[in-house]
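We use all heavy atoms of the structure for the numbers below, so side chains are in, but hydrogens, waters and symmetry mates are not.
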Amino acid sequence: MIHDLCHCASSNNQQSGASSSGDDDAMSIHPEDLMQLQQETLNRFRVILTEEGLIRKRDDDNSLLRFLRARAFNIAKAKAMFEAMLEWRKEIGADTIKETFQFPERDAIKELYPHFHHKTDKMGRPVYIERLGQLQVDELLKVTTMDRMLLYHVKEWEILIDWKIPACSKKAGTNISQTLTILDMKGVTMRHMSKQVRNFIQKITKVDQDFYPEYLGKMFIVNAPTAFKAMWAIVRPWLDKRTQKKIEVHGGNFSSKLLELVDSENLPAFLGGTCCCPGGCENADAGPWNESIHQKKQPYNEPPLKALDCPFN
């Protein structure tokens, strides 16, 4: 979503290569990677939440670890964060939003603001891509409102958690708990950062960091323009330090680095890969979640796409 403009890193040499990176593997949230003290903290956290009737069916160890890691394994702070999440979900109706919130303008929005999940990286994580330079804010607001975009954003989160990530885990044969995000900033200018957009970013940044913590495994920002420093100055105060450590920023010379993370056949041609899905990668929603062997009931009812020649080959 547009919020990923927030997930950027400062740059001393952003046109020539990566300016900031983080070891996302070191930030693994898998229970089997925990040290003894962390495991004991997790066990105590679960007991406390259970005793107070706060645990839900979906709250496995991975879910609880997200809140503990987001609060540096401080149980009191993690509990406060967890309780705030539960209250927010009640207020917004997140538990049933997949069924109750209809977003018929979805196809039109995706034309004006290309954003999509596309296959998986080499670790089995779902890959999320935004083409921010193609964002048409004025036209988008003729089709929908920022309030509806926020609800759409929450619905997409629930689909990712309940449908896409489990399918990725099933295909990988191991627990997949995070994502790889690629932001293509080709064509981005300051016009993409209007006051209305900035206000919207602040709202959904809070949603992401407070209510869906620790899902970002790695972020790759590519084709970063000269104006990126100005944008970064705007959005950086909204980010926590853990998020900043998970980010790499590149100029136009990024393909070789990106291909270290994603197999060529899984990467769209416009990002240096060889994939060209029928109808365009941005429309295919290709991934384990749409492979019959891993598939649950689809959350969307869309007509099949016709095959097109790839303009990038």
Side-chain angles (χ1 to χ4, degrees), residues 1 4 7 18 21-34 42 58-70 115-130 156-184 208 212-222 242-243 245-248 250 254-277 281-300:
M1 302 300 295
D4 285 313
H7 293 152
S21 64
D23 185 355
D24 46 313
D25 292 338
M27 295 183 182
S28 171
I29 63 170
H30 295 174
E32 59 269 23
D33 296 332
L34 296 178
L42 172 61
R58 69 190 290 179
D59 293 323
D60 58 12
D61 283 352
N62 281 301
S63 297
L64 300 185
L65 275 171
R66 296 184 191 282
F67 292 87
L68 284 171
R69 287 198 180 274
H115 60 282
F116 54 100
H117 285 101
H118 186 267
K119 301 187 178 181
T120 58
D121 67 6
K122 293 181 180 181
M123 295 175 64
R125 300 175 298 191
V127 177
Y128 175 71
I129 300 169
E130 291 191 5
E156 289 293 301
W157 262 118
E158 297 298 309
I159 289 170
L160 173 67
I161 294 168
D162 292 344
W163 182 45
K164 295 185 176 181
I165 287 180
C168 291
S169 296
K170 186 175 180 180
K171 182 170 185 178
T174 188
N175 180 60
I176 300 298
S177 56
Q178 294 183 316
T179 65
L180 168 67
T181 290
I182 304 171
L183 302 186
D184 182 6
D208 293 355
Y212 297 101
E214 298 296 319
Y215 275 97
L216 178 66
K218 188 76 172 180
M219 176 171 287
F220 239 73
I221 300 175
V222 302
R242 282 182 61 81
T243 301
K245 290 179 180 179
K246 299 178 182 181
I247 297 160
E248 287 190 24
H250 295 261
F254 62 85
S255 294
S256 61
K257 288 290 186 180
L258 199 47
L259 288 168
E260 292 177 6
L261 297 178
V262 186
D263 289 326
S264 179
E265 62 268 25
N266 284 0
L267 190 65
F270 67 84
L271 290 173
T274 59
C275 185
C276 189
C277 296
C281 292
E282 60 268 38
N283 298 313
D285 200 26
W289 50 90
N290 271 325
E291 297 170 7
S292 58
I293 191 172
H294 310 295
Q295 190 180 65
K296 291 183 178 181
K297 183 180 179 182
Q298 283 189 302
Y300 306 120

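- Considering only residues two or more places apart in sequence or on other chains, Asp121 meets the side-chain hydrogen bond (donor to acceptor under 3.5 Å, both in side chains) condition with Arg125.
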side-chain contact (heavy atoms from CB on, under 4.5 Å) between Leu267 and Cys275, intermediate numbers included: CA-CA 6 Å; Leu267 190 65; Cys275 185; 5.9 Å; no
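- Taking Ser264 as the reference, Leu259, Thr274 meet the side-chain contact (heavy atoms from CB on, under 4.5 Å) condition, with sequence neighbours excluded.
- A salt bridge links Arg58 and Asp162; the closest N-O separation between the charged side-chain nitrogens and carboxylate oxygens is under 4.0 Å.
- Distance check: Leu216 CG to Gln178 CD gives 7.5 Å after rounding to the nearest 0.5 Å.
- Between Tyr212 and Ile161, some side-chain heavy-atom pair lies under the 4.5 Å cut-off.
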Verdict with reasoning, His117 to Lys164, per side-chain hydrogen bond (donor to acceptor under 3.5 Å, both in side chains): CA-CA 9 Å; His117 285 101; Lys164 295 185 176 181; 3.2 Å; yes
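- Distance check: Asn62 CG to Leu42 CG gives 9.5 Å after rounding to the nearest 0.5 Å.
- Cys276 and Cys281 make their closest contact through CA-SG, 4.0 Å (heavy atoms, listed as atom of the first residue, atom of the second, distance).
- Residues Val127 and Lys119 fail the side-chain proximity criterion, which asks for heavy atoms closer than 4.5 Å.
- Residues meeting the ring pair (Phe, Tyr, Trp, His ring centres under 6.0 Å) test with Phe254, sequence neighbours left out: none.
- Exactly one residue among Tyr128, Trp163, Tyr215 makes a ring pair (Phe, Tyr, Trp, His ring centres under 6.0 Å) with Trp157. That residue is Tyr215.
- Looking at every heavy atom in both residues, Lys257 comes nearest to Phe220 through CB-CZ, 3.7 Å.
- Of all heavy-atom pairs between Ser177 and Arg66, the closest is O-NH2, 2.7 Å.
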Step-by-step side-chain contact (heavy atoms from CB on, under 4.5 Å) determination, Glu248 to Lys218: CA-CA 8 Å; Glu248 287 190 24; Lys218 188 76 172 180; 3.4 Å; yes
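- Summarising the geometry, atom CG belonging to Asp285 is positioned 9.0 Å from atom CD1 belonging to Ile159; distances are rounded to the nearest 0.5 Å.
- Rounded to the nearest 0.5 angstrom, Ile221 CD1 and Leu183 CG are separated by 5.0 Å.
- Glu260 has no carboxylate O lying under 4.0 Å from a charged side-chain N of Lys122, or vice versa, which leaves the two without a salt bridge.
- Checking Thr120, Val262, Ile129 one by one against Leu180, the side-chain contact (heavy atoms from CB on, under 4.5 Å) holds for a single residue, Val262.
- Residue Met123 holds its CE atom at 12.5 Å from SG of Cys168, rounded to the nearest 0.5 Å.
- In this structure Asp59 satisfies the side-chain contact (heavy atoms from CB on, under 4.5 Å) test together with Ile55, Arg56, Ser63, Leu64, Phe82, sequence neighbours excluded.
- Every side-chain contact (heavy atoms from CB on, under 4.5 Å) that Asp184 has, sequence neighbours left out, goes to Arg131, Lys186, Val222, Asn223, Phe270, Leu271.
- Shown here are the side-chain contact (heavy atoms from CB on, under 4.5 Å) partners of Ala70, two or more places apart in sequence or in another chain: Met81, Pro213, Glu214.
- Ile165 places a side-chain heavy atom less than 4.5 Å from the side chain of Pro126.
- Applying the salt bridge (Lys or Arg N to Asp or Glu O under 4.0 Å) criterion to Glu282, with sequence neighbours excluded, gives no partner residue.
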